[in-house]
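Structure first, commentary second.
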Amino acid sequence: MINNFDELSDLANNSPKKFAQLLISQYMSEKNSIFELFGAEIKSLLQSNQKLFWHLWTESEQAQLDLLPPPNDKHQSLLNTLEQDGICIINDFFDKNTILLLQNEWENSFKQMPKQDEKAIQKALRNRFTFDLIDGIRYVQSSPFDNKQRILFQDHGKTPSAFSKFVLNNTTFSEVAQRHFKLNTLPTPSFVMAEYLQNVKMPRQDLFWHIDNLSDQFKVMVVLEDMSENDGPFTFIKGTHKVKYEYQERYHKMYAMNGLSTQEHNHFEPGFTSSESAEKAILNAGDIVLFDCKIHHSASFVKQMGSRKNLVLYFNEIPTIRNNILQKFDHFLNFGLR
């Protein structure tokens, strides 16, 4: 057992693989004393030592494989695509009747969106979004320069019935997330978000390539109306969800500055990713997009009076070994900023 920080630091510097294995064994045995005693120190070591961080990454991935449940053929073709590309598009997943129910509840939900006055617009121009929590539902609005509106049903009891039945409680989505992340239990969805993208005040063509953050996360987008290229299609680069060697230095810097949170540092410098391979998801009502949040992706902007209406199901807390370990000390300061 590690008794003091000097012993912990020596192990990290002299045997990073053993350090990673110690954290995993402590987590797996539910003996969390090392995290309780040295949580801030562990985070500091991981944020200051790239080699140490990637040892924990790979060792925890292997430990996850050791827990893999017996294989089955359910969703196998979909899972093969996700494993290779990090994203899978399924056309006509929902039939017209289901989409009509979802569209009606989407429309009813947005009727409750608070009106933005000039003060709220000015606040959004400074902070990107304004946030209103009304009856347990979070309403999020940007300025007219982005022209995005979102409704977050973080309280599952407040989720509209059709959203709940067909999206939040859709077992296919949970089963795919389970198998993709090699879990032995079904993950619990975090929430459903309804989203509305409209024509921006100033036309923009730029893309901002990013990943959401370095934790294991999964999303399902449900398209509610037929799209054209003017409707701000989701843009992505297949295969970039896998952490390649050339990504590691940039990703570790991201972890050193952000921890697991989603912030501006998760957006890449021009030329970092292979944007010439980018694809646009120009889809129709009833289509869905399932994706690993580590895929390189970007929102594009609505133009020429287009719009985009969709739902997004979030799995923000996938209970992988790596996620659970990193979450034990993520609340401490990010030492890369000091």
Side-chain angles (χ1 to χ4, degrees), residues 43 46-47 50 53-54 56-58 60-61 64 81-89 128-129 146 148 150 152 173 176-177 180-182 187 189-191 193 195 197 206-221 232-281 289-301 310 312-327 330 334 336-337:
K43 185 173 184 181
L46 290 169
Q47 289 190 320
Q50 181 183 162
F53 177 79
W54 292 114
L56 177 60
W57 188 278
T58 55
S60 59
E61 214 161 59
Q64 194 72 53
T81 301
L82 268 177
E83 177 65 27
Q84 177 176 320
D85 297 338
I87 186 168
C88 184
I89 295 172
R128 192 180 178 203
F129 291 110
D146 285 336
K148 295 179 181 179
R150 295 167 175 167
L152 280 59
F173 301 154
V176 169
H180 180 64
F181 290 103
K182 316 297 190 291
S190 301
F191 58 88
M193 178 184 75
E195 186 172 43
L197 277 62
D206 47 338
L207 296 172
F208 292 95
W209 294 108
H210 65 282
I211 63 174
D212 287 354
N213 55 59
L214 283 175
S215 64
D216 295 318
Q217 293 186 344
F218 192 70
K219 290 181 184 177
V220 182
M221 181 186 299
F234 180 73
T235 308
F236 59 92
I237 304 170
K238 287 180 179 177
T240 50
H241 65 300
K242 299 177 180 178
V243 182
K244 302 173 185 177
Y245 177 76
E246 56 265 33
Y247 299 166
Q248 290 187 1
E249 182 176 0
R250 178 64 177 82
Y251 280 13
H252 181 257
K253 183 179 291 186
M254 184 189 306
Y255 178 71
M257 301 182 79
N258 294 357
L260 294 182
S261 64
T262 300
Q263 295 186 32
E264 288 80 359
H265 302 300
N266 299 359
H267 288 71
F268 307 136
E269 300 79 8
F272 176 78
T273 193
S274 50
S275 56
E276 65 277 3
S277 303
E279 299 181 38
K280 293 182 178 180
V289 184
L290 306 98
F291 63 99
D292 185 316
C293 294
K294 287 189 288 295
I295 194 171
H296 296 183
H297 61 280
S298 176
S300 54
F301 292 92
N310 55 254
V312 182
L313 178 65
Y314 283 69
F315 288 87
N316 278 351
E317 298 178 0
I318 298 286
T320 57
I321 293 170
R322 179 167 60 227
N323 264 9
N324 288 342
I325 289 175
L326 292 174
Q327 287 288 358
D330 198 55
N334 291 310
L337 294 175

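Everything quoted here is computed from the prediction, not taken from an experiment.
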Roughly how far, to the nearest 0.5 Å, is [atom2] of [Y] from [atom1] of [X]?
X      : Y      : atom1 : atom2 : value
Ile89  : Thr81  : CD1   : OG1   : 10.5 Å
Cys88  : Glu83  : SG    : CD    : 12.5 Å
Phe181 : Leu82  : CZ    : CG    : 8.5 Å
Asn310 : Arg150 : CG    : CZ    : 9.0 Å
Lys294 : Asn266 : NZ    : CG    : 12.0 Å

Which residues pass the side chain to side chain contact (heavy atoms under 4.5 Å, CB included) test with [X], not counting sequence neighbours?
X      : result
Gln327 : Leu260, Asp330
Ser60  : Ile24, Ile321, Arg322
Arg128 : Asp146, Lys148

Heavy-atom check, side chain of [X] versus side chain of [Y], under 4.5 Å:
X      : Y      : answer
His180 : Leu290 : no
His297 : Thr240 : no
Leu326 : Leu46  : yes
Val289 : Ile87  : yes
Ile237 : Trp209 : yes

- Decide yes or no on side chain to side chain contact (heavy atoms under 4.5 Å, CB included) for Leu152 and Met193, but give the supporting numbers first. CA-CA 5 Å; Leu152 280 59; Met193 178 184 75; 3.7 Å; yes
Quick one: does any side-chain atom of [X] pair with a main-chain N or O of [Y] as donor and acceptor, under 3.5 Å?
X      : Y      : answer
Thr320 : Asn323 : yes
Asp216 : Ile318 : no
Ser300 : Ser298 : no

Atom of [X], atom of [Y] and distance for their closest heavy-atom approach:
X      : Y      : result
Cys293 : Lys219 : SG-CG, 3.6 Å
His265 : Arg250 : O-NH2, 2.8 Å
Ser190 : Asn316 : OG-N, 2.8 Å
Asp85  : Ile295 : O-CD1, 3.5 Å
Ala281 : Pro233 : O-CB, 3.5 Å
Thr235 : Ala278 : CG2-CB, 4.2 Å

Mind checking ring pair (Phe, Tyr, Trp, His ring centres under 6.0 Å) for Trp54 and listing every partner two or more places apart, or none if nothing turns up?
->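 In terms of ring pair (Phe, Tyr, Trp, His ring centres under 6.0 Å), with neighbours along the sequence ignored, Trp54 is linked to Trp57.
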Partner residues of Phe315 under the ring pair (Phe, Tyr, Trp, His ring centres under 6.0 Å) criterion, sequence neighbours left out =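 Phe315 satisfies ring pair (Phe, Tyr, Trp, His ring centres under 6.0 Å) with no other residue.
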Check your understanding: Going by the angle between their ring planes, with limits at 30° and 60°, are Tyr247 and Phe272 parallel, tilted or perpendicular?
Key -> tilted
Between Lys182 and Glu61, is there a salt bridge with N-O shorter than 4.0 Å?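 A salt bridge is absent here (no side-chain N lies under 4.0 Å from a carboxylate O).
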Residues 233-247 vs salt bridge (Lys or Arg N to Asp or Glu O under 4.0 Å), sequence neighbours excluded, gives Lys238-Glu279
**Message:** Could you walk me through whether Tyr255 and Phe53 satisfy the ring pair (Phe, Tyr, Trp, His ring centres under 6.0 Å) test, starting with their C-alpha distance in whole Å, then the side-chain angles of each, then the deciding distance to 0.1 Å, before giving a yes or no?
**Reply:** CA-CA 9 Å; Tyr255 178 71; Phe53 177 79; 4.6 Å; yes
_Around atom CD of Glu249, are there more than 12 heavy atoms from other residues, nucleotides or ligands closer than 6.0 Å?_
no
Got a sec: does the CD of Glu317 have more than 12 other heavy atoms crowding it under 6.0 Å?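 For Glu317, atom CD is not crowded (no more than 12 foreign heavy atoms under 6.0 Å).
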Are Asn258 and Asn213 close enough, and set up right, to give a side-chain hydrogen bond (donor to acceptor under 3.5 Å, both in side chains), and what steps lead you there? CA-CA 9 Å; Asn258 294 357; Asn213 55 59; over 6 Å; no
Run the numbers on Tyr251 and Gln50 for side chain to side chain contact (heavy atoms under 4.5 Å, CB included), then give the verdict. CA-CA 9 Å; Tyr251 280 13; Gln50 181 183 162; over 6 Å; no
field: Candidate list Phe234, Tyr314, Phe236, Phe218, test ring-ring contact (aromatic ring centres under 6.0 Å, His included), partner Phe291, passing option
entry: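 The passing option is Phe234.
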Centroid separation His210 to His296 less than 6.0 Å: no
